[in-house]
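Heads up, the thing below is written out as C-alpha cells.
Just so we're on the same page: letters track the sequence lines, and every chain starts at 1.
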Amino acid sequence: MSFVITTPLYYVNDKPHLGSIYTTLICDSIARYKRLTGADVIFITGVDEHGLKIQRTAKNKGVEPQFHCDEISDIFKQNWKDWDITHNKFVRTSSKKHEYIVKEFYNRVKKSDDIYMGVQKGWYCVGCEEFKDNPDNSPTHKCPIHQKTLEWKNEENLFFKLSKYQSQIEELIKEPKFIQPKERRNEIINFVSKGLKDFSISRTNVSWGISVPDIDNHTFYVWFDALLGYVSAISLDMNQPSLDESIDNGWPADIHLIGKDILRFHAVYWPAMLISAGMKVPKKVYGHGFLTREGQKMGKSLGNVLDPEILLSKYGKEAVRWYLLKDITLGQDGDFQNKRFVDIINNDLANTIGNLLNRTSSMSRKWFDNRVPSNELLSKDNTLELYAKKTVENYFRHFNSYELDLAANVILSLAINTNLYLNEKQPWTLIKDEKNIPLVSNIIYNVLESTRIVGLLLLPILPNLSSKIDQQLGLLYNENESWKKQLDWGKLIHESILPAPNPVIEKLEYE
RNA sequence: GUCAAUGUAGCUCAGUUGGUUAGAGCACGACAUUCAUAUCGUCGCGGUCGGCGGUUCAAAUCCGCCCAUUGACACCA
C-alpha cells in the first residue's frame, strides 16, 4: 500500500525558517509512522525556485538565478539532514524533469480547452508576486506587506478557466475529510461559494521560469509551476518523465501538509488544475497553524525571529520535535515559549520517561543480576498490561487521524501510569523479604515491558530517543518483525542483559 | 465593513446529548520516600468558566446582545 505525503515546496528566497522546519517535522513523523505500519511511503519535499522575486534576489547578489537556487537548495538539503528528515524525494522546480512535466501538463489542460489569452492590468507587488486590488488605500502605491512600491503592469497573460470547475470544486470540498482542520474548511467553502474566477498562469518578461510552449516571452506563473512539483517528484525517469509515469508510481498524494496561508491554492486551484488534466485530486489537504513566539508574531521587523539552527544546536532535535509535535495541536496556531519549552522537555522527557527507564533498569539490575527478570508468575493483577494495550489502541487511532499531539500525550500517560504502578507496588519494600522475589520479578518485568512499549511508540515522533531507550533495554528492537507486532505485550525477553543505565536525555536549563 | 472561529486556574489546554463540591499537565507551596536523572508520589494553593440578559427545576454547556483576540474576504510557497 503506497502512501504519498508532501511538504510545500519551499520558496528559495531565503534559508529555511522555523515554519518550514515545523511543517517538515510533522510530515517526517507521519511518514515514519506510516512506514512502521507497513506502508510504502513516498515522502516528498523540495524547493520552488522560479519567479521574478528570485530573479531579482539573484541580480542583487550579482549571481545567476540558477547559482542562487543551487546555493539555497543545498542549504535546505543540509537542513533536512541535520534534522534527520526521512524524505524520499527532494524536487527542484528548476530541474529538467520538472520542466517536462509542466509542459506536458499544460498541454493536457490546453487540450481540455481551459487556457485562453487575456489581459491583466493593475498594481503589482514583486514581493508578493501578485496584483493588488485596492492600492487606492495607500496613496504611495506601496504594498502593505512588503512596504515596497507597486509596479503598474498591463500585460497579456494566459488564463486558466477555473470558473468552469465551480460545481466540481464545490462537490469536492463538501467532502468533510478533504480539507482539514474543519475550521479552515468552512473558510474555503465560503470563499468558493462566492464564485470562482479564472486566474492567470503566465507572466511576460520574467525570464527565470519555465517558458510557455509556442508563446514567446511567456513563462509560467510560479504557482502553476510549483504545485506540479508534487507530480514531477514522483516521476522516476530523468530522461523521459511523464504524467502517466507519475500516476503509475503513486499519484495522487494522500496528504498535502501545508501552512494555512496556502490552503486555498491546494484545496481549490490545484484540484481544478488536476481535474482539467484528467488526473486525480489529492485525498487530503491539511493546513497547519502558524508559530508565534512568547505570544507575539515572529517577524523581521520585530526582530524576534527564532532561528531554527540555534534551536537545534542549543536544545537538540529531539527536544524541538517533542515541543512542536506534542505541545501544539496540528491545525491550530502554536506559541513558542522558552520557559514552557524547558519545562516540558525536562518534565516529559527527562523526569517522566527518562527517569522511569532509569529507575526501572536499576532495580532490575540490582535484584536480578543485571538481567530482565522472569515473568513466569502471571498475577491476575495486570492493570499495567491493560493500560498499555489501551494506550497502543488510542495511539493508533490518534495517529491515523493526524492528532500527533494526542498520540504523544497518550505515550506520556503510559509512562506516568507506569510510575504510578511502581509507587503503588513498592517493589523496593517487597524485596526485603525473600519470599517476595517471584512477585517482585513479575512487577519489574511489567514495568520494563511497559517502558519498552513507551520507547517503541516514540519511534515515529522521537526516533533518536526511542533508539536510546531501546539500547538501554538491551537492543530488543527487531527489524524482522513488524512494529505493530512488537507492540504486543510480553515481547520483552527475560534473562536478557540490561546495560548500565545512562541518562537518555539531558536536562535543559533556563537561559 | 461583511462573515467565521475562539475567549475555562499564572501558562498550555480537557470538559461528551445542559444535572451532584468545574478537571489534567506545567508553574508555585508543604509533606513524604529512595529503586531512580534533587527523580517518582501525596496533599495544598489557584477559576464569579470574557461581560450582560434570557430559557430551564438546573447552564461553562442552549438563545440574544455586547466586549476582546484571531482568521477569511481572489491569485501573500
Inset, instruction - Write down the distance separating the P atoms in B:C43 and B:C26, rounded off to the nearest Å. - result: 13 Å
Legend entry - Where protein sits on nucleotides 30-38 of chain B, one letter per nucleotide: B base, S sugar-phosphate only, - none, heavy atoms under 4.0 Å: -----BBB-
Inset, instruction - Give the rounded distance in Å between these two atoms: CG of A:Asn346 and C1' of B:C40. - result: 15 Å
Inset, instruction - Using only side-chain N and O atoms of A:Tyr221, determine if any of them is under 4.0 Å from OP1 or OP2 of B:C76. - result: yes
Inset, instruction - Give the rounded distance in Å between these two atoms: CD of A:Gln332 and P of B:A14. - result: 6 Å
Legend entry - Atom pair OG (A:Ser467) and CG (A:Leu458), whose distance is rounded to the nearest 0.5 Å: 10.5 Å
Legend entry - Nucleotide B:A14, atom C1' - distance to CG of A:Asp405 in whole Å: 12 Å
Inset, instruction - State which residues pass salt bridge (Lys or Arg N to Asp or Glu O under 4.0 Å) with A:Asp405; sequence neighbours excluded, sorted by chain then number. - result: none
Legend entry - Partner residues of A:Asp198 under the salt bridge (Lys or Arg N to Asp or Glu O under 4.0 Å) criterion, sequence neighbours left out: none
Legend entry - Protein-nucleotide distance (A:Lys53, atom NZ; B:A77, atom P), rounded to Å: 7 Å
Legend entry - Residue-phosphate contact under 4.0 Å: A:Asn409 side-chain N/O, B:C13 OP1/OP2: no
Inset, instruction - Using the C1' atoms only, state how far B:G25 lies from B:G41, rounded to an integer number of Å. - result: 15 Å
Legend entry - Integer angstrom distance from the P of B:A77 to that of B:C40: 43 Å
Legend entry - Value in whole Å for how far the P atom of B:A77 lies from OH of A:Tyr269: 13 Å
Inset, instruction - Using the P atoms only, state how far B:U16 lies from B:A22, rounded to an integer number of Å. - result: 16 Å
Inset, instruction - Specify the separation, in whole Å, of atom CG of A:Asn186 and atom P of B:U2. - result: 20 Å
Legend entry - Rounded distance (Å) that lies between atom C1' of B:U70 and atom CG of A:Asp261: 15 Å
Legend entry - Residue pair A:Ser374 / A:His494, side-chain donor-acceptor N/O under 3.5 Å: no
Legend entry - Donor-acceptor contact below 3.5 Å, side chain A:Gln180 vs main chain A:Tyr286: no
Legend entry - Distance in angstrom units between A:Ile54 CD1 and B:A77 C1', rounded: 10 Å
Inset, instruction - Among residues two or more places apart or on two chains, list those pairs meeting salt bridge (charged side-chain N to carboxylate O under 4.0 Å, His left out) that have a residue in residues 444-455 of chain A. - result: A:Glu449-A:Arg452
Pairwise N/O distances under 3.5 Å, protein to nucleotides 10-12 of chain B:
from	atom 1	to	atom 2	distance (Å)
B:C11	O2'	A:Gln337	OE1	3.2

Legend entry - Rounded distance [0.5 Å steps], OH in A:Tyr445 versus CD1 in A:Ile443: 15.0 Å
Inset, instruction - For RNA chain B, determine which residues of residues 190-198 of chain A have any heavy atom closer than 4.0 angstrom to one of its atoms, and list them numerically. - result: A:Asn190, A:Phe191, A:Lys194, A:Gly195, A:Leu196, A:Lys197
Legend entry - Partner residues of A:Asp14 under the side chain to side chain contact (heavy atoms under 4.5 Å, CB included) criterion, sequence neighbours left out: A:Lys300
Inset, instruction - Provide the distance between the two C1' atoms, one in B:C57 and one in B:C62, to the nearest whole Å. - result: 16 Å
Inset, instruction - Mind checking the CG-CD1 spacing from A:Leu306 to A:Ile21? Nearest 0.5 Å is all I need. - result: 11.5 Å
Legend entry - Stacking of A:Trp223 on B:A77 base (centres under 5.5 Å, planes under 30°): yes
Inset, instruction - Using the C1' atoms only, state how far B:A59 lies from B:G54, rounded to an integer number of Å. - result: 12 Å
Inset, instruction - Runs of at least three consecutive Watson-Crick or G-U pairs, both distances under 3.5 Å, are what I'm after; which ones involve RNA chain B? - result: B:1-7 with B:67-73, B:10-13 with B:23-26, B:28-31 with B:41-44, B:50-54 with B:62-66
Inset, instruction - Assign each of A:Asn13 and A:Glu187 to its nearest nucleotide of RNA chain B by heavy atoms, then name whichever residue's nucleotide is nearer the 5' end. - result: A:Glu187
Legend entry - Test salt bridge (Lys or Arg N to Asp or Glu O under 4.0 Å) applied to A:Glu187 - qualifying residues, sequence neighbours left out: A:Arg184
Inset, instruction - Please state the P separation for the pair B:U48 and B:U8 - nearest whole angstrom. - result: 12 Å
Inset, instruction - When you get a sec, tell me which of B:A77, B:C75, B:A27 is the closest nucleotide to the side chain of A:Asn347? - result: B:A27
Legend entry - Between B:U21 and B:A14 - P atom distance, rounded Å: 24 Å
Inset, instruction - Could you tell me which residues satisfy side-chain hydrogen bond (donor to acceptor under 3.5 Å, both in side chains) with A:Asn409, sequence neighbours excluded, listed by chain and number? - result: none
Inset, instruction - Please work out whether the ring planes of A:Trp270 and A:His256 are parallel, tilted or perpendicular, with thresholds of 30° and 60°. - result: tilted
Legend entry - With A:Arg397 via salt bridge (Lys or Arg N to Asp or Glu O under 4.0 Å) - residues at least two apart: none
Legend entry - Any residue meeting side-chain hydrogen bond (donor to acceptor under 3.5 Å, both in side chains) with A:Ser364, in chain and number order, not counting sequence neighbours: none
Inset, instruction - Identify whether the distance between the nearest side-chain nitrogen and carboxylate oxygen of A:Asp28 and A:Arg321 falls below 4.0 Å. - result: yes
